[in-house]
Amino acid sequence: MDHGDATTTTDPAEAESSLGAPLVELKNVNKHFGELHVLQDIDLTVRRGEVLVVIGPSGSGKSTLCRAINRLETIDSGEIRIDGQPLPEEGKTLAKLRADVGMVFQAFNLFAHKTILENVTLGPVKVRKERSSAAKERALQLLDRVGVKNQAQKMPAQLSGGQQQRVAIARALAMKPKVMLFDEPTSALDPEMINEVLDVMVALAKEGMTMIVVTHEMGFARKAANRVVFMADGQIVEEATPEEFFTAPKSDRAKDFLSKILSH
Ligand SMILES: Nc1ncnc2c1ncn2[C@@H]1O[C@H](COP(=O)(O)OP(=O)(O)OP(=O)(O)O)[C@@H](O)[C@H]1O
Ligand SMILES: [Mg+2]
């Protein structure tokens, strides 16, 4: 895989020191839905190779944050840059941005009427203008990596939720993104399928992929994240290492939130 070849880090401390230049930068970002101030003065920088976990109560703005970074939502004020470039308004540059920012959602968003293989080759051929033979070869490699190569000719509905979500990851990776956004990628899965998806994500993190992951999976955060950001009511309330955050949260909001998710 492209990202894996460049850097292979296994030790979190080593990964920390190898973080690169800012890749995703949000400066003073504000967003309203009507009266609701859903993103409030968000300042956030994610460096190349960094894995950021975003955690927080329902309605705190986590999905809106992800969608704003991918420009699926516009913002009212502030600035978002990907690899130094401001988010484009529309057109071809926007399509290119969407390719640079891979996104995996909670519900599996595979094209229902295309095979697994077609799901993974479509973007590279249409947007990246890759030759279909090259796209196919790469798609099969990626499907192999996420453990579903033998499902390549099936339709999405024939796969389990965990398999579909791994295909969604392969599909995003096929676009050779600079950063991957995951919005609660395991929350719609049956428990026995959660780990097969998290394992793929942990491997991706260890290979040096820059990732922003909305998740309440503490195991993933502890294994893979450099940093945890806790959001509440549209604000970043707390930022810490996973260890600090889960063992000694500082704010009352975070303490309250953690006591609720831990008591499940
Ligand atoms: N398109 C929209 N129009 C109006 N309000 C919206 C829209 N999308 C989100 N909201 C509201 O904005 C707030 C933040 O929503 P968002 O989906 O970002 O929260 P979240 O932290 O992802 O929550 P969850 O954990 O439930 O996924 C919520 O109050 C939500 O109801
Ligand atoms: Mg959400």
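For ligands, and for the atoms within them, numbers begin at 1 and follow the listed sequence. Keep in mind that what you see is a predicted model, and the values were worked out from it rather than measured.
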Within 4.0 Å of some non-hydrogen atom of Pro57, the atoms of ligand 1 are 21 (O)
Near Ser63 (heavy-atom distance under 4.0 Å), the atoms of ligand 1 are 17 (O), 18 (O), 20 (P), 22 (O), 27 (O)
The closest protein heavy-atom partner of atom 26 (O) of ligand 1 is Ser58 OG, 2.6 Å
Honestly, for Thr64 the part within reach of ligand 1 (heavy atoms, under 4.0 Å) is both
Exercise. Heavy-atom distance under 4.5 Å between the side chains of Leu189 and Glu196, does that happen here?
Worked result: no
Near Glu184 (heavy-atom distance under 4.0 Å), the atoms of ligand 1 are 25 (O), 27 (O)
(Q) I'd like to check atom 31 (O) of ligand 1 in this structure: does the protein have a heavy atom lying under 4.0 Å from it? (A) no
Q. Can you find a pair of side-chain heavy atoms, one from Leu44 and one from Ile212, that are under 4.5 Å apart?
A. no
(message) I'd like to check Val146 versus Val167 (side-chain heavy atoms, cut-off strictly below 4.5 Å). Are they in contact?
(response) no
Find out whether Ile75 and Leu26 are in side-chain contact, i.e. whether some heavy atom of one side chain is under 4.5 Å from a heavy atom of the other. no
In this structure, atom 25 (O) of ligand 1 is nearest to the protein heavy atom Lys62 NZ, 2.7 Å
Just distances here: any N/O of Gly56 and N/O of ligand 1 closer than 3.5 Å? no
**Asked** Hey, is Asp100 close enough to Arg128 for a salt bridge, meaning N to O under 4.0 Å?
**Response** yes
For residues Met180 and Leu173, determine if any side-chain heavy atom of one lies less than 4.5 Å from a side-chain heavy atom of the other. yes
Review point. Judged by modelled atom types alone, do Thr64 and Glu73 share a side-chain donor-acceptor pair under 3.5 Å?
Key: no
At a threshold of 2.8 Å, where the distance has to be below it, does the Mg ion (ligand 2) have an N, O or S atom of Ser63 nearby? yes
The closest protein heavy-atom partner of atom 9 (C) of ligand 1 is Phe33 CE1, 3.4 Å
In this structure, atom 23 (O) of ligand 1 is nearest to the protein heavy atom Gly59 N, 2.8 Å
(message) Please report whether ligand 1 has a polar contact with Gly61, defined as an N or O pair separated by less than 3.5 Å (distance criterion only).
(response) yes
Between Asp43 and Asn28, does any side-chain donor sit less than 3.5 Å from a side-chain acceptor?
no
Review point. When you measure from the side chain of Gln164 to the backbone N and O of Pro156, does any donor-acceptor pair fall under 3.5 Å?
Key: yes
Checking heavy atoms under 4.0 Å, the part of Leu36 that sits near ligand 1 is side chain
